[in-house]
Amino acid sequence: MSRKISFTRKKTGREATTGPYSKSLLELSRNTKHVGEIKNAHRSAEGSNPRCGDEIRVFVIFDSAVKKMGKGGSLAIKKVSFTAHACALCSASANLMCDLVEGISQDKVKGVQRNLKKFLINSRVLEEGKISTRSASAKEMAEAFKPFAAVTGYSSRISCVLLPWEVLEKALD
Amino acid sequence: MRAMKAYLEKETANAGRGLYRSSEKIAESVERVRKQIADFVGAEDASEIIFTRGTTDGINLLARSLGETFRRSDEILTTDLEHHSNVVPWKILETTRGIRLRSVPISALGEWDSRELRKRLSKKTRVLAMTGLSNVTGHSPDLKKSIALAHSKKISVFLDAAQATAHFPLQLTRWNADYAAFSGHKVFGPTGIGVLYGRKMLLEKLPILIGGGGSVEKAGVEGILFRKPPHCFEPGTLPLAEILGLGAALDFVNEIGWKKIAAWEKSLSECLRQGLAKIPGLRLVGKPKRDAPLFSFTLEGIHPHDLATFFDSRGIAIRAGHHCAGPLHRSLGLAATARISLSFFNTEEECERICRTLHEAKDFFLGSGK
């Protein structure tokens, strides 16, 4: 039998936590309401985070009154969906994104994304009034972003949360 | 750490510059570590050991220098097992030197065999650049056989020894490797230091592309007289504290001994393998038996990134992603894997804790009973 090689080990003294995964975030990640390809989408784009293996494709349908798919003007978003091979944070963020952007005009999407980014860096920005509230009230945003509050302690995972939004931005450009 | 601290606190002279005792002392220490490394890797002579900043730095140095000797139609052969650091420096030569980079494909089990290698070694192949141990599958190719095959066609062999150096003794002269590289931090030393090995007669012919003080006997606008290898490849001040740190790390490994390390790692590997086999939905990358206690895997329903974050919340550090081995992951149709990499200081209790944590992760992300 092999003999163990002994070393003095320090215990980390770390208590088990759920990390960035709140119960509401996990539920959001499992939601399949917005999952699926939209055939004949007005816009679509794909993106990935090669460092972690998240891959996502986003599909956009604008308001049915719009016949042409040209750039310029601010079109209202009717529906957004996605397909992904991604982590729970990315999937949850994609679901949140689809909920938040449906019904708003495309020029407001960047504003919501900016607010989410600020929130991920400092989840207290809403209380501190450092967020623009053009697209939704601070209270609505606080409620919507709440599942992601614990992500602020995990800077390496912020890119997972922002990936769907970056792909949506690509689709809308 | 103690070796580096002693230097930084008490003896911070530069090596080989001053005539005072502390400069001579550090110069002697550097050459002593060079000799120590030569013995550690089975080199014939200390002059075959060039200090670099790490494996990637060493491969870039080698690729650029060798590239000067290549013709436009020449080929470099690498494999789909390789770390990006053993792909990118060679790939850059496609643009700068017009050579062609080809790769030996891997099987679904994440390995390549000598038949595939033989098929791809051609009259145009100048270098076979291969890993000594995959940082994803934990497998080591048949090094002696592969090197012999390449040499039979007059092809040089570069060995990426970054992963191998901590798990089994390198025998570079016995294997007939022409060149090899590894990093200090992969063998319990500090970051910022590595080694490029080259056979003496090859280093004497290797073009010198970077230079400066310390690498020359004489220099001026009229001409340069370079020092002999390895010093001609070491311009500027070397990372002296890091070199001493690497020497101390190798002392540490030698004190324990490879026989003991190999036996314990084999035991750990088997312990973890058996535990992982009991986890439903867990798929290992590569064959179950491996040459180092290194296991990359997917777990159904849980993204490797989420797994790694969950493990972190339990005080265990595992990797997730493609581990800088994109070609391997693409070959196997995998976007990402999780990786557990053990060493001789890990314990069987930790292996059991890893398996428990995997079960907990399944409960957490998928719900109990899945």
Side-chain angles (χ1 to χ4, degrees), chain A residues 1-23 25-30 32 46-57 83-94 148 150-164, chain B residues 84 252-253 255-257 259-271 298 301-317 319-324 326 329-330 333-338 343-350 353 356-357 360-361 363-367:
Chain A
M1 181 141 150
S2 335
R3 290 176 63 196
K4 194 171 92 175
I5 298 168
S6 299
F7 294 92
T8 308
R9 308 299 299 275
K10 283 185 189 169
K11 290 208 183 281
T12 60
R14 215 174 153 149
E15 284 179 27
T17 67
T18 57
Y21 304 105
S22 61
K23 195 172 164 193
L25 187 145
L26 284 179
E27 281 169 3
L28 200 50
S29 75
R30 291 177 195 138
T32 54
E46 57 188 288
S48 65
N49 186 343
R51 291 185 68 179
C52 67
D54 284 339
E55 297 169 346
I56 186 165
R57 221 173 145 205
T83 57
H85 180 272
C87 66
L89 296 187
C90 184
S91 302
S93 180
F148 297 89
V151 179
T152 57
Y154 296 83
S155 55
S156 64
R157 303 302 304 277
I158 290 177
S159 58
C160 302
V161 178
L162 293 177
L163 179 63
Chain B
H84 290 166
F252 171 64
V253 173
E255 237 173 77
I256 296 166
K259 210 168 156 188
K260 219 167 168 183
I261 290 171
W264 184 239
E265 286 199 351
K266 192 174 170 190
S267 166
L268 277 183
S269 213
E270 189 51 25
C271 176
T298 56
I302 306 175
H303 194 281
H305 222 185
D306 292 321
L307 207 53
T309 303
F310 185 83
F311 265 72
D312 178 48
S313 74
R314 298 297 188 269
I316 304 171
R319 284 284 183 90
H322 53 53
H323 320 303
C324 293
H329 280 76
R330 282 193 296 277
L334 298 167
T337 53
S343 186
F344 60 78
F345 48 76
N346 289 109
T347 65
E348 283 174 350
E349 190 275 329
E350 286 169 339
R353 198 169 135 218
R356 267 197 317 272
T357 306
E360 284 169 19
D363 283 345
F364 182 78
F365 287 106
L366 305 176

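Everything numeric in this text was worked out from a predicted model, so none of it was measured. Proteins get letters first, then strands, A, B, ... in listed order; numbering begins at 1 in each.
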Out of curiosity, [X] [atom1] to [Y] [atom2], how far, rounded to the nearest 0.5 Å?
| X | Y | atom1 | atom2 | result |
| --- | --- | --- | --- | --- |
| A:Ser156 | B:Asp312 | OG | CG | 8.5 Å |
| A:Asn49 | B:His305 | CG | NE2 | 7.0 Å |
| B:Leu334 | A:His85 | CG | NE2 | 8.0 Å |

Heavy-atom contact with chain B under 4.5 Å, split by part of A:Cys90: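 Answer is neither: A:Cys90 stays 4.5 Å or more from chain B.
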
Heavy-atom pairs under 4.5 Å with chain B, option from A:Ser48, A:Cys87, A:Gly53 with the top count: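 Heavy-atom pairs under 4.5 Å are most numerous for A:Cys87.
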
Distance flag, aromatic centroids of A:Tyr21 and B:Phe310, threshold under 6.0 Å: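 For B:Phe310 and A:Tyr21, the ring centres are not under 6.0 Å apart.
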
Option that, when pairs with chain A are counted at under 4.5 Å, heavy atom only, ranks first among B:Cys324, B:Gly321, B:Ala335: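 Result: the option with the highest number of such pairs is B:Ala335.
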
Side-chain heavy atoms of B:His303 within contact of A:Leu89, under 4.5 Å: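 B:His303 does not reach A:Leu89 side chain to side chain.
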
Nearest non-hydrogen partners of B:Ser313 and A:Gly19, listed with the distance: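 Between these two residues, the closest heavy atoms are CB-N, 4.2 Å.
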
Closest contact, heavy atoms only, A:Pro20 versus B:Thr309: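 What the structure gives for the nearest pair is CD-CG2, 3.4 Å.
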
